[in-house]
Amino acid sequence: MANGKVTFDYNSCKGCGLCVTACPKKIIFLDKERINLKGYNPATVEKMEECIGCANCAMMCPDMIITVERL
Amino acid sequence: MANGKVTFDYNSCKGCGLCVTACPKKIIFLDKERINLKGYNPATVEKMEECIGCANCAMMCPDMIITVERL
Amino acid sequence: MEKLLMKGNEAVGAAAIKAGCRHFFGYPITPQNEIPEYMAKELPPLGGTFVQAESEIAAINMVYGAAGAGARVMTSSSSPGIALKQEGISYIAASELPCVIVNMMRSSPGLGGIQPAQADYFMATRGGGNGDYYMPVYAPASIQETVELVMEAFEVADFYCTPVMILGDGMIGQMMESVEFPEPKKRNLPAKDWATVGTGGKRKPNIINSLRIEPDVLEPHIQKLLDKYEVIKKDETLYEKVNCEDADVIAVAYGTISRVVRNAIKKCEEEGIKLGLIRPITLWPFPFAAFEEISPNTKAFLSVEMSAGQMVDDVKIAANGRIPVEFYGRYGGNVPKPDEVVAKVKDILGGGK
Amino acid sequence: MEKLLMKGNEAVGAAAIKAGCRHFFGYPITPQNEIPEYMAKELPPLGGTFVQAESEIAAINMVYGAAGAGARVMTSSSSPGIALKQEGISYIAASELPCVIVNMMRSSPGLGGIQPAQADYFMATRGGGNGDYYMPVYAPASIQETVELVMEAFEVADFYCTPVMILGDGMIGQMMESVEFPEPKKRNLPAKDWATVGTGGKRKPNIINSLRIEPDVLEPHIQKLLDKYEVIKKDETLYEKVNCEDADVIAVAYGTISRVVRNAIKKCEEEGIKLGLIRPITLWPFPFAAFEEISPNTKAFLSVEMSAGQMVDDVKIAANGRIPVEFYGRYGGNVPKPDEVVAKVKDILGGGK
Amino acid sequence: MSLVFEKTKGLTDVPFHYCPGCTHGIVHRLVAENLVELGVLGSTIGVAPVGCAVFAYNYFNCDMQEAAHGRAPAVATGIKRVHPDNVVFTYQGDGDLAAIGTAETVHAAVRGENITIIFINNAIYGMTGGQMAPTTLIGQKATTAPYGRQKEVQGSPIRVSEMLATLEGAAFIERVSVDSPGNVRKAKKAIKKAFECQIQKKGFSMVEVLSTCPTNWGMTPVDSLTWLEENMMPYYPLGNIRTPEED
Amino acid sequence: MSLVFEKTKGLTDVPFHYCPGCTHGIVHRLVAENLVELGVLGSTIGVAPVGCAVFAYNYFNCDMQEAAHGRAPAVATGIKRVHPDNVVFTYQGDGDLAAIGTAETVHAAVRGENITIIFINNAIYGMTGGQMAPTTLIGQKATTAPYGRQKEVQGSPIRVSEMLATLEGAAFIERVSVDSPGNVRKAKKAIKKAFECQIQKKGFSMVEVLSTCPTNWGMTPVDSLTWLEENMMPYYPLGNIRTPEED
Amino acid sequence: MALNEEVIFAGFGGQGVLSMGKMLSYAGMMKGKNVSWLPSYGPEMRGGTANCSVIVSDDLIGSPVVTEADTLVVMNRPSLDKFEKSVKPGGIIIVNSSLIDQKVKRDDVTVYYFPVNEIATECGSAKAANMVMLGAYVKLKGFISEADLLGAFLKVFGEGKKNLLPLNEKAVAAGAELVK
Amino acid sequence: MALNEEVIFAGFGGQGVLSMGKMLSYAGMMKGKNVSWLPSYGPEMRGGTANCSVIVSDDLIGSPVVTEADTLVVMNRPSLDKFEKSVKPGGIIIVNSSLIDQKVKRDDVTVYYFPVNEIATECGSAKAANMVMLGAYVKLKGFISEADLLGAFLKVFGEGKKNLLPLNEKAVAAGAELVK
Ligand SMILES: Cc1ncc(C[n+]2csc(CCOP(=O)(O)OP(=O)(O)O)c2C)c(N)n1
Ligand SMILES: Cc1ncc(C[n+]2csc(CCOP(=O)(O)OP(=O)(O)O)c2C)c(N)n1
Ligand code: SF4
Ligand code: SF4
Ligand code: SF4
Ligand code: SF4
Ligand code: SF4
Ligand code: SF4
Ligand SMILES: [Mg+2]
Ligand SMILES: [Mg+2]
């Protein structure tokens, strides 16, 4: 399975969580510990190694703040 | 076959001829010899005895100037 | 009487219901949405109807139908939405139907903005629609006054068989103040025997109509409207005069801006300047009488508006050349500040007195 | 130049085409139907487009789109139809788009009648729509002048990026006179580099818009409009003054009614009365300058209108209290007769001189 | 001797202003006869359009309101919400109903507004002198379609009945014609059903009537009937399109 | 390392003002990506509505016009008749398109106007704060339907796509949803087809997109997707409703 | 004296009354006069009355509405009733006696009764009644020749109606004949 | 001296800023004062800034727009930037230091920094930050009692929210505590 990498534009995230449900690998979560400049808990990935680069998250992000790359 | 009788309100006729085509007995015609108060050649029946009182003429007269009776 | 803290928009709805209005037809637009929302909630339990129309045009024509059918009926909107109602209002005025139309003005032209403004004065007072017609236009300056004028509007509408407009602005609509609901002042109203309620086979058909194809029939009909307007001018003109005796300058301001002028009056006082205020409460009929007696001391009228200058035309007609007419306005959603008004007054007086 | 006998409505169409108008969006209404009908026939062979819109509202918004896309574009209607266009006109003015709007006025309010009238003066000259905006309004008095003003209207519209109105009446629309088509007077026009024609990937997007949500952005935008209006007032005001020196009374009349006044002038002459005429050709900007110099002999201004009195407001502002302002009007489709005007003049002068 | 036909009491004595042979008159009669036969004339409120039928308020022998062009369904809504137990109908042309009044028509149906619309489709703007209507046929000439309506330029004519039938609120929709005595009789039945639908509070009802405009079609009244049969009927098929379930 | 997804050049750098999780943003992206992929961005003119997407003119990286509420199809018509070879689209909400703009929408389709409409059906008036839309579902609450929409009072929701599909001028109509990555991909294809239909001058095209309004539905963005699937999809079935014959 | 002729033409919708006015206007314009033509218009498409005001003048034309006509041409009876009072003292009324059996009541005007329908029928078509009437009118008034009138006919109706010229020539001549 | 208190409350959309103003207004009204509450309103449904002007006065209230505030209550940073200049010299600014790390630049006003979010969390819910702030405000100003404020809470939110009263009581008390 392909290896992917996602990058979030930290301060543009609105913490809506649509990417969270979209991810088949369930690796995205909203970081309740942090608040970005916009005042939201931003989306983050911890186990990036599990990312398959399917771009489902990007498909659903209404604010296009996710960049997806594939190895 | 029933016997009918039609009466036209002479001065209200607009000479449109719809009754003429509607009559199954083809007994109505527009009287080119006469002009009524409105300025039209009014509809007339000559052979009233052929009228079957079907009221087709009245069905079609947009100005409701025909009265139909049946014997 | 119980005091309530209420938004202007809700107070409009509550006053209308208190005045017996049971039918409301509207379409959403900021900053007046609380009016339809209030009616949507409150009317059905009272057996009334709220219809969210497909557009402002549909709404005003539903009002026409309901008014013609004899109901007390209201619609509300804000500037661009009111622009769309102009044909309908012209029909209602021409057909002599009573109804109340609320305009909570926002900044314009075009889509403009949603902040308060007073730039629909022309549209309200001199026929945004086609033809020779007018309607009483009330400009409340507080929520309490809004309540009273809305109630009065229904009575006036029925009394004269005319549309009546409540001309507020986003501020009136959105602000809360304490308010009491007195019993509506009732007039001796003529029976609505012209309404379409069905003939019951007992009388000739009633016809609600504004078409008169023959000039010699239409002209007397318009004359009838004009005669009615003269009575309204005589009997229904409302205004308030504050601090005008011996005033150096008399400001003319209506609605919320009259309150800014009140603050300016105090500030002027501190500087030894006497600023007066004529506050038209009816914009049509415009209170020309208020301008008749002015002290020889008074240097100018100053029309203060949240517009680029519209009421100033009526002030000029009222002044009739006796003293200069000046104008100060802010627009686009900005609200004149008391200090700005004071500065303008000083300016008129030649840099202070 | 060839002389043609032409209906006013057709002349409007022919002049527009001569002025380079290739896009027309309209909706039928009496008494201006010959305009869309003419355009429907003449535009397609020229590669232009005629669209019969589903309504007046759709038509004015098609005009907005086409004007924003850079075209010379026109629409036409009559009173109730123009009332429906008010929101759209406000948008066009606010978005600074050039176009020409023709109103062949009929009698109103409401559905009224289809005979000529001048009761849309208010709607035309002071915002039937929402907000602070104006547009140049031309009032031709003959078919020849109609042709010239329609051509001028397109130039003025493009020069100032503003809607322009031709305010005629059923008489102007329906009558025939002989007419010549001179070459349009061309101005040095700015390029329409703001139009939506596609970026071609070569520049930033062009945006046609009237929304400015921040008051501090909207206010300067309105100020820009107001500054433009001042230039138009200075440079584009048109009027004609006839027989005014030492006149006993000066009539003020526009469009077809100015011709009735001309007949009245002759009749007055026969009776030794000197009647003058100020004929505004632009109703907005109103020709206040024409009222500045008046002879001490002149007893009054007399506004003569096919309405219940609308322009009379501007005449009052212009008179500014110097001499009385009188009014004579017929309405509902009736046209004032020269004799009636003469009688009114005599009346003003105290039963003859 | 028994009376087979005389003018209905549902109409006033005012003579119609319609052109000779214009079928507006026939439809007026059918509406009025039905109101009388259903016994509801005295509780009926009609709404007249702007169009050739603008003077309808002078003809129907019931309370009437004259609506602004296209707004009759909105006016009828206002009336009906005040008097839900009265019969409320509009009488509208194709310009009135299907052009400027499109939104009002569609949304009266969307709301399932319990009113009846009599829709006169004569494929032309009669009153204003023969301009193109949304229902003008392809190839048909009109003063604003002097080269004939072209699909590519003005699009194809709208079938209002079929369009409204997609709406759940539309309880009864039928298209009829008044080109022959037989069709006139059917039209009358359809109009009766529409009113019955309203009386039984089943929601929005409309009868589309194919009608002639000899004046603006530039034909004799008799030729107009033939033109209607040969040109309009194929594009606008007659028949019931929606009926309340219980029927 | 290859880039699988980055923000399209069809959009400007201006961040969206939409509420968190509002699917307006997804649809903006799909439209913009398609314009870029079809190579027509530079010749495209868009029309923004009045509704939450009112600022769309700041987002799409092409020439734009802001229309009055409901009039976008008329504005687009004006533009298209001036520039028949440019791509012209409108982006409209359900209040804008299906309420006040009903006549403009229907008649753009009747004329077969060669434009593309992107229709955002979120069953509510978003911008003005949650009033009832013509597409609000039965039982759904709105600020102007505080007791929930009732068939008897406000009528049944309008299925715009099905209604327009009765018109001959409507060349391409499809209903899609953006509730899941799979449906987003399908939505993108449908929007591409609609633009292709226009580029090939086949007439009017519209894509109805079922969309969420977490703010006015009073739900989280994620719950909103579920609500859309469970409530909107059954009433507004996804799928193609009209395609030009040659396809 | 400078010419200033103000005329009202009035009749039924189908009688070609508006065209009469147009032809006179066209002829006047071609002779270098100032002209105006103003129709009245109503809501009824057929069968209503039609009338128009025409002014032919050496001067600039003031109001195009004729309220004190020099000449009134009436083609049917309701028009006579309506406009009889709109003629100035000393003016002329020309009555289509084919359709109007009534007499003019005023005695301060000159009245002519011409049975133009009958004459037109004799010329070949009852539809040319208006041309017969116009022929009589121009002859009476003298400021337009019969030839100019026929030139105007083509201008108003277009070259396409050239085939009708002989009929109309005949009608105009017959009309002119009526005026001795 | 007669009371005339003009306040601006400002913060994020979800912080209950408008309610703070409403509660103060209600409490003022119940004490027989004249009151006005004016919100600013924008097109953004969520995440935008929100603010309101409140006036509580013994006099009739002129303009409801507060441009020279006696007191400014700011719940987030953009609001401080925006309204700092709108306080009259000698006025008061109360800053929610939980979310605003910045200091007030003016030196002609009295400034209080209260970490109301933290305190509210301690009381049981971060959502009560506005009540903490209000508690501090009324205590500072003195013309409204804490009990009156809680009475207003029920008026504004309705009897249905009675269950939240204990939490809010705690929050208000904790806020009042901040003012020595
Ligand atoms: C707002 C407005 N626009 C236009 C008109 C002009 N008008 C009158 S009737 C009509 C169309 C009539 O056509 P239709 O509805 O088909 O009725 P018909 O005459 O064919 O019976 C129009 C456009 C008007 N009176 N008001
Ligand atoms: C003429 C007019 N009427 C009403 C409004 C107010 N208004 C703005 S947006 C809107 C409705 C928006 O709803 P929708 O079209 O569904 O778009 P959404 O916000 O849901 O995306 C309304 C009624 C307006 N601006 N202009
Ligand atoms: S690319 Fe796919 S796997 Fe990777 S984070 Fe996004 S949704 Fe999850
Ligand atoms: S979808 Fe986008 S905005 Fe929403 S949480 Fe994920 S990254 Fe943030
Ligand atoms: S009743 Fe029948 S048969 Fe008799 S005239 Fe009429 S149509 Fe002919
Ligand atoms: S249908 Fe009626 S109006 Fe027509 S010709 Fe016959 S009787 Fe006369
Ligand atoms: S114009 Fe047409 S629709 Fe109108 S009355 Fe005449 S024939 Fe009938
Ligand atoms: S209000 Fe609704 S539609 Fe509008 S941006 Fe917010 S979530 Fe989206
Ligand atoms: Mg029609
Ligand atoms: Mg929506």
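As a basis for the values below, the full set of heavy atoms in this structure was taken, side chains included, without hydrogen atoms, waters or symmetry mates. Protein chains get the first letters and strands the later ones, always in sequence-line order, with residue 1 at the start of each.
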- Heavy-atom contact with chain G under 4.5 Å, split by part of D:V335: side chain
- Item | D:S79 and D:D120: CA distance, side-chain angles, deciding distance, side chain to side chain donor-acceptor pair (under 3.5 Å) verdict | CA-CA 7 Å; D:S79 308; D:D120 300 345; 2.6 Å; yes
- G:Y113 ring centre to G:K103 NZ or CZ under 6.0 Å, with the angle to the axis within 45°? yes
- Quick one: what part of G:I55 sits under 4.5 Å from any heavy atom of chain D, side chain, backbone, both or neither? neither
- Query: Relative to the ring of D:F24, is the ring of D:F50 parallel (under 30°), tilted (30 to 60°) or perpendicular (over 60°)?
  - Reply: parallel
- Quick one: what part of D:K3 sits under 4.5 Å from any heavy atom of chain G, side chain, backbone, both or neither? both
- Task: Counting only heavy atoms closer than 4.5 Å, note whether G:T67 contacts chain D via side chain, backbone, both or neither.
- Result: side chain
- Just checking, is any N or O donor in the side chain of G:N51 or G:S40 under 3.5 Å from an acceptor N or O on the other one? yes
- Note on the structure: The interface call for D:S178 against chain G, heavy-atom contacts under 4.5 Å, is both
- Message: So that I can tick it off, tell me whether D:K18 and D:E183 are bridged by a salt bridge, with the cut-off set at under 4.0 angstrom between side-chain N and carboxylate O.
- Response: yes
